[in-house]
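The structure appears below as structure tokens.
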Amino acid sequence: MTTGSDLDRRITIERYTEVDDGHGGVDLIWAELAIVAASRHDVSDSERVAYGGIVSNTIRRFVIRAIGPQSSVSAVDQLRYDDMIWNILGVKETRDGRKRFLEITAKAGG
């Protein structure tokens with residue numbers, strides 16, 4: 001069961017957003033959707049040799065409260081945590097009750 005005291009990390013959720021480029025067009029940038037408290041659970045990590053170097057992958061699950069703008073987080077968004085970009089693989093409700101917490105599975109590296 002997740003509680004508020006378990007949310008001991010800070011993550012930034014970013015969404016790909018259109019912004020006016022000032023010349024009649026638009027640019028697409030990653031813009032901050034929300035900075036939220038989260039818990040972190042390590043799922044897996046791996047290293048392999050590819051392309052003449054070592055490729056490292058890490059998968060983690062982050063649990064956040066399902067309120068505010070972050071309640072719309074999906075696999076098209078990304079996270080920033082620990083000075084790294086995390087690609088979101090999936091989002092689902094936790095077993096702690098309907099619309100209370102969201103579990104985000106994300107991958108860094110590649």
Side-chain angles (χ1 to χ4, degrees):
M1 181 169 169
T2 302
T3 65
S5 63
D6 296 331
L7 308 179
D8 61 350
R9 315 289 170 119
R10 282 277 196 227
I11 63 171
T12 302
I13 301 169
E14 296 179 332
R15 181 160 287 164
Y16 214 45
T17 306
E18 291 183 356
V19 293
D20 185 352
D21 69 0
H23 303 287
V26 295
D27 287 330
L28 294 171
I29 64 165
W30 286 104
E32 180 182 297
L33 177 68
I35 298 175
V36 297
S39 66
R40 183 194 90 192
H41 308 282
D42 297 333
V43 176
S44 69
D45 57 61
S46 65
E47 290 182 351
R48 61 185 166 84
V49 176
Y51 310 110
I54 296 177
V55 176
S56 173
N57 290 302
T58 303
I59 296 178
R60 289 187 174 150
R61 289 200 177 106
F62 298 91
V63 175
I64 64 171
R65 291 184 193 277
I67 58 171
Q70 68 266 22
S71 65
S72 67
V73 66
S74 71
V76 298
D77 300 322
Q78 71 179 17
L79 302 179
R80 285 189 182 268
Y81 171 73
D82 208 16
D83 295 326
M84 295 174 64
I85 301 291
W86 294 79
N87 297 315
I88 297 175
L89 303 175
V91 179
K92 63 183 177 187
E93 287 183 352
T94 66
R95 296 179 187 177
D96 296 323
R98 188 167 176 244
K99 297 191 179 199
R100 290 191 62 212
F101 295 96
L102 295 175
E103 180 181 271
I104 302 167
T105 304
K107 175 183 171 183

Quiz item: Which residues pass the side chain to side chain donor-acceptor pair (under 3.5 Å) test with Glu103, sequence neighbours left out?
Solution: Lys92
Exercise. Please name all residues satisfying side chain to side chain donor-acceptor pair (under 3.5 Å) with Arg9, sequence neighbours left out, ordered by chain then number.
Key: Tyr81
Quiz prompt | side-chain contact (heavy atoms from CB on, under 4.5 Å) evaluation trace for Glu93 with Lys99 | solution = CA-CA 7 Å; Glu93 287 183 352; Lys99 297 191 179 199; 3.5 Å; yes
Quiz prompt | Partner set under salt bridge (Lys or Arg N to Asp or Glu O under 4.0 Å) for Arg80, not counting sequence neighbours | solution = Glu14
Quiz item: Heavy-atom distance under 4.5 Å between the side chains of Leu102 and Val63, does that happen here?
Solution: no
Self-check item: Closest contact, heavy atoms only, Arg10 versus Ala37
Solution: NH1-N, 3.1 Å
Practice problem: Hydrophobic side-chain clustering at under 4.5 Å (ILVMFWY, transitive links): who's grouped with Val76? Put none if nobody. | Solution: none
Practice problem: Provide the full list of ring pair (Phe, Tyr, Trp, His ring centres under 6.0 Å) pairs with a residue in residues 17-39, sequence neighbours left out, each pair given once. | Solution: Tyr16-Trp30
Quiz prompt | Partners passing side-chain contact (heavy atoms from CB on, under 4.5 Å) against Val19 (at least two apart in sequence or in another chain) | solution = Asp27, Ile29
Exercise. Supply the atom-to-atom distance Asn87 CG to Gln78 CD, rounded to the nearest 0.5 angstrom.
Key: 6.5 Å
Quiz item: Do Ile88 and Leu79 have side chains that get closer than 4.5 Å, going by heavy atoms?
Solution: yes
Exercise. Rounded to the nearest 0.5 Å, what's the gap from CD1 on Ile11 to CH2 on Trp86? Could you check?
Key: 10.5 Å
Practice problem: Under the side chain to side chain donor-acceptor pair (under 3.5 Å) rule, collect the residues that match up with Asp20, sequence neighbours excluded. | Solution: none
Quiz prompt | With Asp42 via salt bridge (Lys or Arg N to Asp or Glu O under 4.0 Å) - residues at least two apart | solution = Arg40, Arg60
Exercise. Identify, with sequence neighbours excluded, every residue that meets side-chain contact (heavy atoms from CB on, under 4.5 Å) alongside Ala34.
Key: Val36, Pro69, Gln70
Quiz item: Does the pair Thr58 and Lys107 meet the rule for a side-chain contact (heavy atoms from CB on, under 4.5 Å), with working shown?
Solution: CA-CA 6 Å; Thr58 303; Lys107 175 183 171 183; over 6 Å; no
Quiz prompt | Euclidean distance, Thr105 OG1 relative to His41 NE2, rounded to 0.5 Å | solution = 10.5 Å
Quiz prompt | Other ILVMFWY residues reachable from Val43 by side-chain steps of under 4.5 Å | solution = Ile59, Leu89
Quiz item: Does a sphere of radius 6.0 Å around CD in Glu32 hold more than 12 heavy atoms from other residues, nucleotides or ligands, not counting ones at 6.0 Å or beyond?
Solution: yes
Quiz item: Is there a path of hydrophobic side-chain contacts, each under 4.5 Å between heavy atoms of I, L, V, M, F, W or Y residues, that connects Ile35 with Ile67?
Solution: no
Exercise. Report the C-alpha distance between Ile104 and Ile64 in whole Å, list the side-chain angles of each, state the deciding distance to 0.1 Å, and finish with yes or no for side-chain contact (heavy atoms from CB on, under 4.5 Å).
Key: CA-CA 8 Å; Ile104 302 167; Ile64 64 171; 3.8 Å; yes
Practice problem: Using side chain to side chain donor-acceptor pair (under 3.5 Å) as the criterion, list what pairs up with Arg15, not counting sequence neighbours. | Solution: Ser72, Asp77
Practice problem: Any chance you could pull the hydrophobic cluster mates of Val26, using side-chain heavy atoms under 4.5 angstrom and chaining through other members? | Solution: none
